[in-house]
Amino acid sequence: EEEEELKRRALTSPYPGQLPSPYPGQLPSPYPGQLPVQLPNPYPQTNQQQKQMSELDTLVKSGLQKACDLSSTSVFDKKKYPWIVSIGTNSEKHVKTGVLIHPRWVLTVQDYMNISLKNYIVKIGGVNLDNNSEFAIHSVINDVIHPDNRIQLLQLNTDVVGIKPIKINTQNTIKSPAIEIGWGTLSGSSKTFTLHEMNMPILNSEICKVVFKERFNDNINMCGGYIE
């Protein structure tokens with residue numbers, strides 16, 4: 001009978017002479033007849049983190065990539081986004097995008113190219129940067145840079161006439177999807193000088209924190225797209 005019992009154990013246990021663990025993923029106890037050894041998790045997750053990861057998993061499985069088309073399309077109607085601004089120089093047709101928020105002020109992102117303000121060329125009111133006749137062209141005489149964020153205000157040399165500035169969202173709410181607009185390099189292709197637009201789903205800030213960790217500050221950041 002003892003011999004039969006040893007054979008049975010050898011067939012059912014990866015560790016001959018020991019009883020198999022009734023808990024998959026745990027090591028069997030080195031002491032027969034005692035509960036198996038449970039290895040501690042070196043990276044325990046809080047309930048909040050587990051909930052966030054569950055939300056991420058749900059996003060992936062829900063097909064968010066299919067639900068929101070992230071492919072960009074060209075904009076041909078100049079009246080669709082009249083307040084959109086292209087900021088360039090004599091040597092660079094387009095450096096960055098901005099928006100007209102006042103007849104003489106443009107809101108944009110601060111760049112690190114050390115471009116002198118007098119070299120900026122601001123184009124407003126068109127869609128094709130290869131055709132200057134579409135645009136009202138202005139120069140920059142002053143700027144204001146936010147001390148904490150990469151936000152820059154550019155003061156134009158004269159008022160923009162005939163174009164209504166964009167209305168600033170003063171509410172702490174963002175409807176999804178947002179619309180991303182601008183010129184520049186498209187994914188997998190060369191730089192385009194025709195205005196493009198793209199729907200961008202806005203993700204919950206708690207999900208953004210999980211993805212970007214300490215790089216994400218929900219007081220000044222937002223994130224969008226889909227989880228790969």
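Residues: numbered from 1 along the sequence shown.
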Novice: Starting from Leu107, can I reach Ile145 by hopping between I/L/V/M/F/W/Y residues whose side chains sit under 4.5 Å apart?
Specialist: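 Ile145 does not cluster with Leu107.
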
Novice: With heavy-atom distances below 4.5 Å as the criterion, would you say the side chains of Lys209 and Asp218 are in contact?
Specialist: yes

Novice: Linking I/L/V/M/F/W/Y whenever any side-chain heavy atoms sit under 4.5 Å apart, do Val161 and Val122 land together?
Specialist: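 Result: no, two separate clusters.
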
Novice: Side-chain contact, heavy-atom cut-off 4.5 Å: Lys80 with Lys78?
Specialist: no

Novice: Atom OG in Ser91, atom CD1 in Ile115: separation rounded to 0.5 Å?
Specialist: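 So the OG of Ser91 and the CD1 of Ile115 are separated by 7.5 Å.
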
Novice: Just by distance, do the side chain of Trp183 and the backbone of Lys93 share a donor-acceptor pair under 3.5 Å?
Specialist: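 No.
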
Novice: Do Val109 and Ile151 come within less than 4.5 Å of each other through their side chains, counting heavy atoms only?
Specialist: no

Novice: Between Asn119 and Asn90, does the side-chain contact (heavy atoms from CB on, under 4.5 Å) criterion hold? Intermediate values first, please.
Specialist: CA-CA 7 Å; Asn119 292 328; Asn90 285 323; 5.6 Å; no

Novice: Pairing donors with acceptors under 3.5 angstrom, does anything connect the side chains of Gln110 and Lys96?
Specialist: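 On atom types as modelled, these side chains do not qualify, holding no pair under 3.5 Å.
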
Novice: Is there a chain of hydrophobic side chains (I, L, V, M, F, W, Y, each step under 4.5 Å between heavy atoms) that links Ile141 to Ile121?
Specialist: no

Novice: In the structure I gave you, are the side-chain heavy atoms of Val99 and Ile84 within less than 4.5 Å of one another anywhere?
Specialist: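 Yes; the side chains approach each other to less than 4.5 Å.
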
Novice: What heavy-atom pair brings Val127 and Phe76 nearest, and what distance separates the two atoms?
Specialist: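 That closest heavy-atom pairing would be CG2-O, 4.2 Å.
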
Novice: For His196 and Ile181, what are the C-alpha separation, side-chain angles and deciding distance, and is it a side-chain contact (heavy atoms from CB on, under 4.5 Å)?
Specialist: CA-CA 6 Å; His196 276 67; Ile181 316 163; over 6 Å; no

Novice: Does a donor on one side chain sit under 3.5 Å from an acceptor on the other, for Glu134 and Asn128?
Specialist: no

Novice: Please report the shortest heavy-atom distance between Ile202 and Ala178, naming the atom on each side.
Specialist: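 That closest heavy-atom pairing would be CD1-CB, 3.7 Å.
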
Novice: Applying side-chain contact (heavy atoms from CB on, under 4.5 Å), run through Tyr120 and Ser139 and close with a yes or a no.
Specialist: CA-CA 6 Å; Tyr120 276 137; Ser139 59; over 6 Å; no

Novice: So which atom in Ile163 and which in Pro82 form the shortest heavy-atom distance, rounded to 0.1 Å?
Specialist: CG2-O, 3.4 Å

Novice: In Å and rounded to the nearest 0.5 Å, what is the CZ to CE distance from Phe216 to Met222?
Specialist: 8.5 Å

Novice: So does Asp111 pair up with Arg150, basic N to acidic O under 4.0 Å?
Specialist: no

Novice: Please determine which of Thr97, Ile124, Leu154 meets the side-chain contact (heavy atoms from CB on, under 4.5 Å) test together with Val85.
Specialist: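 It is Ile124, the one option of Thr97, Ile124, Leu154 that forms the side-chain contact (heavy atoms from CB on, under 4.5 Å) with Val85.
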
Novice: Just so I know, are the side chains of Gln155 and Arg104 near enough to count as touching, which here means a heavy-atom distance under 4.5 Å?
Specialist: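 Yes - at least one pair of side-chain heavy atoms lies under 4.5 Å apart.
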
Novice: Which heavy atom of Lys123 sits nearest a heavy atom of Leu129, and at what distance?
Specialist: NZ-O, 3.7 Å

Novice: Carefully, step by step, assess Thr194 and Val75 under the rule side-chain contact (heavy atoms from CB on, under 4.5 Å).
Specialist: CA-CA 7 Å; Thr194 300; Val75 178; over 6 Å; no

Novice: How close do Cys223 and Phe212 get, counting heavy atoms only, and between which atoms?
Specialist: CB-CE1, 3.7 Å

Novice: Given side chains that start at C-beta, do those of Asp143 and Leu153 come closer than 4.5 Å, heavy atoms only?
Specialist: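 Contact flag for Asp143/Leu153 side chains = no.
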
Novice: What distance do Ser86 atom OG and Phe193 atom CZ have between them, rounded to the nearest 0.5 Å?
Specialist: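 Rounded to the nearest 0.5 Å, the OG-CZ separation comes out at 9.0 Å.
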
Novice: Quick one: do the His138 and Thr158 side chains pair a donor with an acceptor below 3.5 Å?
Specialist: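 There is such a pair between these side chains.
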
Novice: Can you find a heavy atom in the side chain of Trp83 that is under 4.5 Å from one in the side chain of Pro165?
Specialist: no

Novice: Within a strict 4.5 Å, meaning less than it, do heavy atoms of the Leu100 and Ile166 side chains meet?
Specialist: no

Novice: Got a second to check how far Trp105's CH2 is from Asn142's CG, nearest 0.5 Å?
Specialist: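 Nearest 0.5 Å value for the CH2-CG distance: 5.5 Å.
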
